[in-house]
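I have placed the structure first, in the form of structure tokens, so that the comments after it can refer back to it.
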Amino acid sequence: MALLEIQGLKTHFKTEDGWLHAVDGVDIAIDRGETVGIVGESGCGKSVTAKTVLKLIDMPPGKIVAGKVLWKGRDLVPLPPEAMQKIRAKEISIIFQEPMTSLNPVYRVGEQIAESLRLHEGLSRKDALDRAVEMLKLVRIPTPERRVNDYPHQFSGGMRQRVMIAIALACKPQLVIADEPTTALDVTIQAQILDLLGRLKDEMGMAVMLITHAMGVVAEVAQRVVVMYAGKVVEEAPVRELFAHPRHPYTQGLIHSIPRIDLDARHKVRLEAIPGTVPKLIDPPEGCRFAARCKHVRTECRQATPPLREVASGHRVACILDLPT
Amino acid sequence: MAGSTPASATASPLGKPAASASLWAESWLRFKRHRLAYLSLWVLGLLVLAVLLGPFVYKVGINDIDFKARLAPPSWQHPMGTDDLGRDLLARALYGGRISLAVGFASMVVAILVGVTIGAIAGISRGWVDAVLMWVTDLFLSLPQLPMLLVLIFFFRDGLKAIVGPEVGIFLLIVLVIGGFRWMPAARLVRAQFFSLREKEFVEAARALGASTQRQVARHILPNALGPVIVAATIDVAAAIILESTLSFLGLGFPPDIPTWGRILFDAKDYLDIAMHWSLFPGLAIFITVLSISFIGDGLRDALDPRRVM
Amino acid sequence: MGNYILRRLLIAVPSLLGISIILFTVLALAPGDPFEEMATNPAVPPEVRMALRAQFGLDDPVWQRYTHWLASMLQGDWGFSFVSRIDVDELILQRLPVTVAIIGSSLILALLVALPVGILAAVKPYSWFDRIASTLAFIGFSLPTFFTGLLFILFFSIKLDWLPFVFRADISATGWAWWWEHLKQSIMPVSVLGLALAASWMRYVRSSVLDVVRLDYVTTARSKGLTERVVILKHAVRNALIPVVTLVALQLPQLFGGAIVTEQIFRIPGIGSLLIDAVLRNDTPVIMAVTFVLSALVILFNLLADIVYGWLDPRISYR
């Protein structure tokens, strides 16, 4: 049984112009200790999916319209808030994108780490703070005994993200959702944070749902990749397989748009961009959402949404065509 | 390249853009959605109309003494009742309303003119001029308004009376003093706008095209400050009306024979138990006026600054 | 933090000086001689007249008059009220406690009302609670305090006869009865002031909490599994209070205006009504001294507000 299984999840938002289908029928499974990368461009619904797992979406205007989120076999969608609160941080935790604003500016960093410990493990204030120092050590913050009493504004962006990781891992959860954890950081810091996450994952054995729009990050860190577009999953495969044999035209477009420095002058090709823009997510059109931008589009594509079908072991595509990779 | 695409509806080195007309229309639509504000606009309009045209339609004198009808409750003859000299309260309220509203708007004009000027100067200069102006602004913000008003009226009332006569004198004094104590918020708003917009790209673009400082200010920076300043202006009118009526209520406003709403209350307060209509009507008049102005201000804030979470 | 307080103190001093300059300038610019009354008032003994002229140095150059006046102000020599026949500082000290008590109580009442109502309204925006509360708030700050005071008197004193409307500082009862009498006569003025304050404060609190609740760190708090109550009260409100403190501090000068009016209506013998009396009776030394004291109080309250602000926001005090 998978640790986390998202089945047919649909999260919609009520707006002035109608219902926005942010997540429109998504299936994702994550096993114990697995790192799954979820890629897609801005607005494809990956962040909303992640936040829906922990029900951190504002509802209203958001609403889980359909689907299940099975955590160790138990559906989280109908759970009341008190039950969700026991799962958050203790079994599933989340790291957000913006380290500069994700920490409360008026409380010390140690207190913010200790908060989850005191809540979920019933530790006393002193014990919780001691554990907080250990967590800071774990995320490689120098002189943690002193830093534990500092305020967030006394840390740089990269350090704050480490603190966020410390908070997320404090109660040793079994799944960590990392929502674009490095997007707001410099490239060099990015590498450090990803490295840290990787090592901690090995040490603590947790599963990771890594959300990003950078293919490079996914290639380095993930074991399996899920590609999302316009609120739906369009392809999923083990990482090597995906990069070697992408089947969906969107995935192919994504991979071909990565600049290659390994090609020499004779093989230089123009950087391919995917023409067109993401379709409206309010009352989206019938049929494949990628149809308007697809080079290989056929009339059948616009008639019905293609389901995910298995094309190789562990490799599924939502496309009716059998394209060469 | 710079100048071919206006960066905002109000920044246009090449002439008035068509976009600015629809920006106002959009704001108007947003305003209308705020139902209380829209309703208040009508209420205020009616009030202003009544106060301006009333005395022409309702031709009862404000000083017609009639001892037989002293302290009469509202009736067909005297819709708001009469005071202790039998004078019709509706007529007096209509007359007083003109003054209260005039004071309100005039003070607002003074406050906004002074505030915008000082804010603009501070915003452009930066450096020590700005520091000094800000210190002065903070100083004025620390002054207790009503006591200072009382002090100033106390000291200057007779002098002005001698120069321009009692009514005009006190009108000028009150308007200048109220306005003189309410310019600070507008100054701060304008200065903040200057600081945040000075370095914005479209202003730099205008500068690169050789726009003079005045042009930058007039065409690009001030229009963006307009929204918050308009909202501050409506608050100023409401506050000025309350201040004037408070002064009159304390017996230190206009001369006793001028029935501003506050003054009517000053006379009425000793007869609270036997003639409560005398206090209720002018009080309600002040309340409704200020309330509708407040709602309008709230509606304007929604209409002109949609980014705010409301 | 100590550093921060020191800095605010250092700023307060020039502000006090600035206010004294403004006050004195007004006095100096006033046409006519404010002391003419004294010269012609037979009730004023000549020695006092001479002393006052010396204190205000009416024959000296302006700046000298100012420093002289400032010096005596700071030394507590505030002159003699020829209307009340006692030293001004004594007079003020007599009346100050009542005013401070009433203002203090209204501040507390305003806080007790505005905080919970504002927070609840923000947590459930556009709910019926929010709409009613917001409308009441608008009504609250559109009603001039003198009108509310009159309405209260009309209703509670005249119609219902529950509460007295004339304040007596000397109540002959003892023990519980004394407290009860004091309470009864204070409820109305304190409520008038307090509710007027609460009306605008509630809007500030609501607006600030609404802004804060959307911020990322509130979502982080939720993601830790804290109950919504803790998330709002511990994480959101603490941050939301910071801008509210600034806004409240800016409103403080108006508070004294409200106190003046309330004291007039309810005939409370505080420094507000003292000022009105002094103006009506041309008692210049009292006017100057009271205005100075009020301004100093505003600066003091601003300083306190700055301290609270520094305590609430570590970004300010921990540079």
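Here is the naming used below: chain letters follow the sequence lines, and residue numbers restart at 1 for every chain.
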Quick one: [atom1] on [X] to [atom2] on [Y], what's the gap to the nearest 0.5 Å?
{"X": "B:F181", "Y": "C:Q254", "atom1": "CZ", "atom2": "CD", "answer": "12.5 Å"}
{"X": "B:Q145", "Y": "C:Q251", "atom1": "CD", "atom2": "CD", "answer": "11.0 Å"}
{"X": "C:R131", "Y": "B:L36", "atom1": "CZ", "atom2": "CG", "answer": "9.5 Å"}

Which atoms of [X] are under 4.5 Å from chain B, going by heavy atoms: the side chain, the backbone, both sets, or neither?
{"X": "C:F141", "value": "both"}
{"X": "C:L297", "value": "neither"}
{"X": "C:L275", "value": "side chain"}
{"X": "C:I22", "value": "side chain"}

| said: Assess the residue pair B:L252 and C:L280 against the criterion (side-chain contact (heavy atoms from CB on, under 4.5 Å)); give the C-alpha distance rounded to whole Å, side-chain angles, the decisive distance to 0.1 Å, and a yes or no. | reply: CA-CA 8 Å; B:L252 291 162; C:L280 288 172; 4.0 Å; yes

| task | Could you walk me through whether C:R203 and B:D298 pass side-chain contact (heavy atoms from CB on, under 4.5 Å), step by step? | result | CA-CA 11 Å; C:R203 298 275 305 164; B:D298 200 42; 3.3 Å; yes

| message | Using side-chain contact (heavy atoms from CB on, under 4.5 Å), reason through B:D138 and C:S15 one step at a time and then give a plain yes or no. | response | CA-CA 8 Å; B:D138 283 339; C:S15 301; over 6 Å; no

Among [options], which residue has the highest count of heavy-atom pairs closer than 4.5 Å to chain B?
{"options": "C:L154, C:I153, C:L294", "result": "C:L154"}
{"options": "C:L255, C:L150, C:L16", "result": "C:L150"}
{"options": "C:T145, C:T135, C:V261, C:I260", "result": "C:I260"}

Which atom pair, heavy atoms only, marks the closest approach of [X] to [Y]?
{"X": "C:V298", "Y": "B:P144", "value": "CG2-CB, 4.3 Å"}
{"X": "B:L284", "Y": "C:F147", "value": "N-CZ, 3.5 Å"}
{"X": "B:W135", "Y": "C:G18", "value": "CH2-CA, 4.2 Å"}

| field | Contact leader toward chain C among B:L146, B:L272, B:I242, where contacts are heavy-atom pairs under 4.5 Å | value |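 Most heavy-atom pairs within the cutoff with chain C belong to B:L272.
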
| query | What option among B:L280, B:T289, B:I293 has the most heavy-atom pairs under 4.5 Å with chain C? | reply |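 Greatest number of close heavy-atom pairs with chain C: B:L280.
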
| said: Run the side-chain contact (heavy atoms from CB on, under 4.5 Å) test on C:I265 and B:F249 for me, step by step, so that the C-alpha distance in whole Å, both residues' side-chain angles and the decisive distance to 0.1 Å come before the verdict. | reply: CA-CA 10 Å; C:I265 298 182; B:F249 176 78; 3.8 Å; yes

| Side chains of C:I19 and B:S142: does their closest heavy-atom pair fall under 4.5 Å? |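 Yes, close enough: below the 4.5 Å cut-off.
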
| Are C:F138 and B:F295 close enough, and set up right, to give a ring pair (Phe, Tyr, Trp, His ring centres under 6.0 Å), and what steps lead you there? | CA-CA 8 Å; C:F138 267 97; B:F295 278 134; 4.6 Å; yes

